[in-house]
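Every chain is numbered from 1 and lettered A, B, ... according to where its sequence line falls, protein lines coming before strand lines. In what follows, every heavy atom counts, from backbone to side chain, and hydrogens, waters and symmetry copies are set aside. Fair warning: this is a prediction, and the values are worked out from it, not measured in the lab.
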Number of protein chains: 2
Amino acid sequence: MNKDFKPYYAVIFTSTRTEGDNGYSEMSNLMEKLAKEQDGFISMDSAKNEVGITISYWRNKEAIANWKQQSDHQIAQKLGIKQWYKWYNVRICKVEREYSYREGGNLKGDE
Amino acid sequence: MNKDFKPYYAVIFTSTRTEGDNGYSEMSNLMEKLAKEQDGFISMDSAKNEVGITISYWRNKEAIANWKQQSDHQIAQKLGIKQWYKWYNVRICKVEREYSYREGGNLKGDE
């Protein structure tokens with residue numbers, strides 16, 4: 001899907017949460033909805049066990065900077081530090097190559 | 001931790017599995033062990049719900065290419081296509097910026 005966008009960017013957000021929800025789920029759903037409305041948003045992957053990993057994909061670095069500064073997201077970032085996260089790490093990455101496999105198909109991409 | 005390595009590389013592996021284990025867990029543990037022994041390996045993050053996400057971090061692209069060609073890993077890749085994955089996607093990314101937060105501390109990094 002992303003072949004036309006290359007190079008594009010990935011924001012890797014890894015975290016461990018504090019105990020309890022404390023309003024996290026509601027805010028998380030809102031942030032996902034708002035991120036998807038931002039210019040330059042491509043897609044998002046998320047999974048959580050001991051560590052939570054959310055990766056969002058963006059057309060360029062400007063789109064990432066705009067999302068970081070978005071006003072509701074700024075509030076969420078402050079609350080995240082205040083009450084939701086024991087730690088988190090953010091990595092801004094340029095996606096240089098990509099390939100994929102689908103059942104019954106072949107490998108596709110830049111391999 | 002990674003400040004000294006920058007820029008370094010991330011391999012984002014997202015996947016959905018077929019039903020059942022079919023020897024996956026044993027191979028997955030072995031691959032994690034072998035990856036950690038490879039030259040240029042830095043660290044790894046993993047989480048799985050509907051989608052599984054494994055991100056491995058490497059010093060450079062040569063280290064990633066070497067790991068892709070490693071003989072046991074080649075066998076695992078073939079078995080992965082044959083029996084473990086409905087689909088997977090591999091993205092090779094350059095980590096350009098990074099910052100982190102730890103409870104009771106401040107934001108650190110390239111923000």
Do you know which of I55(A), V51(A), D45(A), I81(A) has the most heavy-atom pairs with chain B at a distance under 4.5 angstrom? I81(A)
Taking heavy atoms only and a threshold strictly under 4.5 Å, list by residue number the residues of residues 12-40 of chain B that touch chain A; give 'none' if the list is empty. I12(B), T14(B), T18(B)
Do I53(A) and T54(B) touch side chain to side chain, with heavy atoms closer than 4.5 Å? no
For the residue pair R91(B) and Y57(A), confirm or rule out a side-chain donor-acceptor distance under 3.5 Å. yes
Distance-minimising heavy-atom pair for Y85(B) and Y101(A): O-CE2, 3.5 Å
In terms of heavy-atom pairs under 4.5 Å with chain A, which of E50(B), E96(B), R102(B) leads? E96(B)
For chain A, the option from V90(B), N49(B), V11(B), V95(B) that forms the most heavy-atom pairs under 4.5 Å: V90(B)
K86(A): what forms a salt bridge (charged side-chain N to carboxylate O under 4.0 Å, His left out) with it, not counting sequence neighbours? none
Output for pair (N89(B) CG, E98(A) CD), nearest 0.5 Å, gives 4.5 Å
So how far is it from C93(B) SG to K94(A) NZ, rounded to the nearest 0.5 Å? 11.5 Å
Does any pair with a residue in residues 32-56 of chain B pass ring pair (Phe, Tyr, Trp, His ring centres under 6.0 Å), and if so which ones, sequence neighbours excluded? F41(B)-W58(B)
For S100(B), what residues pass the side-chain hydrogen bond (donor to acceptor under 3.5 Å, both in side chains) criterion, not counting sequence neighbours? none
